[in-house]
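Just so you know, residue 1 is the first one in the sequence shown, and it goes up from there. Since this is a predicted model, take the numbers as computed values, not measurements. Scope of the values below: all heavy atoms of this structure, side chains included, with no hydrogens, waters or symmetry mates. Order of appearance sets the numbers: ligands from 1, and atoms from 1 within every ligand.
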Amino acid sequence: MTGTVVDDQWVTAVAHPNIALIKYWGKRDEKLILPTSDSLSMTLDVYPTTTRVRLSDAGADVVRIGEAPALGEPYARVARFLDLVRELSGRAEHAIVHTCNTVPTAAGLASSAAGFAALATAAAAAYGLELDATALSRLARRGSGSASRSIFGGFAVWRAGTGLSDLDSYAEPIDRGDLDPALVVAVVDAGPKTTSSRTAMRHTVQTSPLYWGWVASSMADLADMRGCLERGDLCGAGEIAERNALGMHATMLAARPAVRYLSAASLTVIDTVVELRAAGVGAYVTADAGPNVKVFCSGDEAAVVAERLGALDCVRSIVTARPGPGARLLSRSRR
Ligand code: PMV
């Protein structure tokens, strides 16, 4: 697995966030980040994260997120991830990491998916690891589960895998046939969430009486969604995505005490999408670990959806995303 090591150069990678249409919510192994069920997502063509990595002879990793040095848990997460890359590569050097996110961080907009997909791609190359896309997906998963899917462009399925094996839990791209989808992101609050998805997932698995029912229905949703993609049935796919997301939020609401990410503004957006549907627009909601709502619709109808949601007082900004590219390395440089 070890290849040519380039240690006096910056290695740069770019990755985009992905939004799950069939959600990952809950782990069967916390350390390896093995999920309880398969998930399916669309990688976006907006909000790229660019990450540069260079090996150094300093006594510790140095991490900068945007203009500021990373401290506390964000620093520790990156350093733990780099420990894993060092273990895989058999190299001991520390690294300098500069990462630049264009998506609001920790607002349920998949910043960690783009972040760890970019870091996995850049760090693997900087440490001389030659990993294929499957191995990169497995590595990215160890930073943040959903990052396993951002290695791929378009639509991807993250296979949960079996037992306690690390090897068979990775994402792979899937064909979206003739589907021409868009995700209209309605930002109602770009601030960071108060409960991390990691903590909220654990709490839901441990205390929600609805949890295992949702896992069973989510597996059935994924099979149905694959059928919709094969038939090019965008509205069918949207209906399944909406019920899957609302089911995930229902499991959290049933946790003891409840975990609630959706706000009054999120519900206003959801109600407006229901109205759009009644008026004949094929639009369907999904939402993650934050109050921001994403609306799945056809590329043709995205402008109508964006205009209607953009007119709501509670919506701060609207971004329309189409299927985007997988993580990729840019050229190496000395500066
Ligand atoms: O990968 P994490 O730990 O950021 O968790 C992501 C969880 C959801 O965004 C809510 C669902 C998903 O599948 O992306």
Side-chain angles (χ1 to χ4, degrees), residues 15-44 47 49 73-74 77-78 80-81 101 103-120 137-152 155-160 169-171 183 185 192-205 208 211 214-215 218-219 221-222 225 240-253 255 259-262 266 285-294 296 321 327:
H16 290 75
N18 71 78
I19 297 299
L21 301 176
I22 303 293
K23 304 295 185 190
Y24 144 56
W25 194 253
K27 300 177 179 66
R28 64 179 200 278
D29 185 294
E30 294 255 346
K31 183 163 179 282
L32 295 175
I33 312 198
L34 299 173
T36 49
S37 56
D38 298 355
S39 54
L40 181 154
S41 62
M42 177 174 125
T43 298
L44 311 184
Y47 297 139
T49 291
E73 182 53 22
R77 251 181 113 175
V78 172
R80 279 197 300 268
F81 187 81
N101 239 341
V103 58
T105 304
L109 290 169
S111 57
S112 66
F116 278 101
L119 179 61
S137 172
R138 227 187 261 126
L139 175 62
R141 190 199 79 225
R142 299 287 297 273
S144 181
S146 54
S148 62
R149 301 182 307 236
S150 273
I151 295 299
F152 301 99
F155 280 47
V157 165
W158 171 16
R159 292 169 175 276
S169 186
Y170 53 82
L183 268 172
V185 183
K193 57 193 155 215
T194 47
T195 311
S196 71
S197 52
R198 187 166 294 210
T199 305
M201 266 181 214
R202 184 187 305 133
H203 178 68
T204 308
V205 176
S208 174
Y211 181 69
W214 176 76
V215 169
S218 196
M219 288 181 343
D221 284 348
L222 194 135
M225 172 79 75
I240 296 166
E242 184 170 299
R243 75 181 184 219
N244 187 268
L246 295 179
M248 177 187 75
H249 286 276
T251 66
M252 296 186 215
L253 288 171
V259 177
R260 187 167 62 85
Y261 285 118
L262 299 177
S266 323
V285 299
T286 186
D288 295 283
N292 301 306
V293 178
K294 300 97 187 182
F296 182 75

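- Side-chain contact check for Thr251 and Trp25: no donor-acceptor pair (N or O, by modelled atom type) lies under 3.5 Å.
- Under the 3.5 Å distance criterion, with hydrogens and angles disregarded, no donor-acceptor pair is assigned to the side chains of Asn101 and Ser111.
- Side-chain contact annotation: Ser41 with Tyr24, donor-acceptor N/O pair under 3.5 Å absent.
- Only the side chain of Arg149 comes within 4.0 Å of ligand 1, judged by heavy-atom distances.
- The part of Met201 lying near ligand 1 is the side chain, judged by heavy-atom distances below 4.0 Å.
- When each atom of ligand 1 is checked for a heavy atom of Ala20 under 4.0 Å away, the hits are 12 (C), 13 (O), 14 (O).
- Contacts between Ser146 and ligand 1 below 4.0 angstrom, taking non-hydrogen atoms only, involve backbone and side chain alike.
- Of all atoms in ligand 1, numbered sequentially from 1 with element shown, those under 4.0 Å from a heavy atom of Trp25 are 10 (C).
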Task: Criterion side-chain contact (heavy atoms from CB on, under 4.5 Å) on Leu40 and Arg149, from CA distance to verdict - done: CA-CA 8 Å; Leu40 181 154; Arg149 301 182 307 236; over 6 Å; no
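- Closest to atom 4 (O) of ligand 1, if we only count protein heavy atoms, is Ser112 OG, 3.3 Å.
- The protein heavy-atom contact nearest to atom 11 (C) of ligand 1 is Tyr24 O, 3.3 Å.
- Put simply, the side chain of Met42 does not reach to within 4.5 Å of the side chain of Asn18, judged on heavy atoms.
- When each atom of ligand 1 is checked for a heavy atom of Gly145 under 4.0 Å away, the hits are 1 (O).
- Protein heavy atom at the shortest distance from atom 8 (C) of ligand 1 is Asp288 OD1, 3.7 Å.
- The Ser197 neighbourhood of ligand 1 comprises atoms 2 (P), 3 (O), 4 (O), 5 (O), with distances under 4.0 Å to a heavy atom of that residue.
- No side-chain heavy atom of His16 sits under 4.5 Å from any side-chain heavy atom of Tyr47.
- The Ser144 neighbourhood of ligand 1 comprises atoms 1 (O), 2 (P), 3 (O), 4 (O), with distances under 4.0 Å to a heavy atom of that residue.
- Side chains of Lys23 and Thr286: a donor on one and an acceptor on the other come within 3.5 Å.
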Task: Stepwise salt bridge (Lys or Arg N to Asp or Glu O under 4.0 Å) check, Glu73 with Arg80 - done: CA-CA 10 Å; Glu73 182 53 22; Arg80 279 197 300 268; 2.8 Å; yes
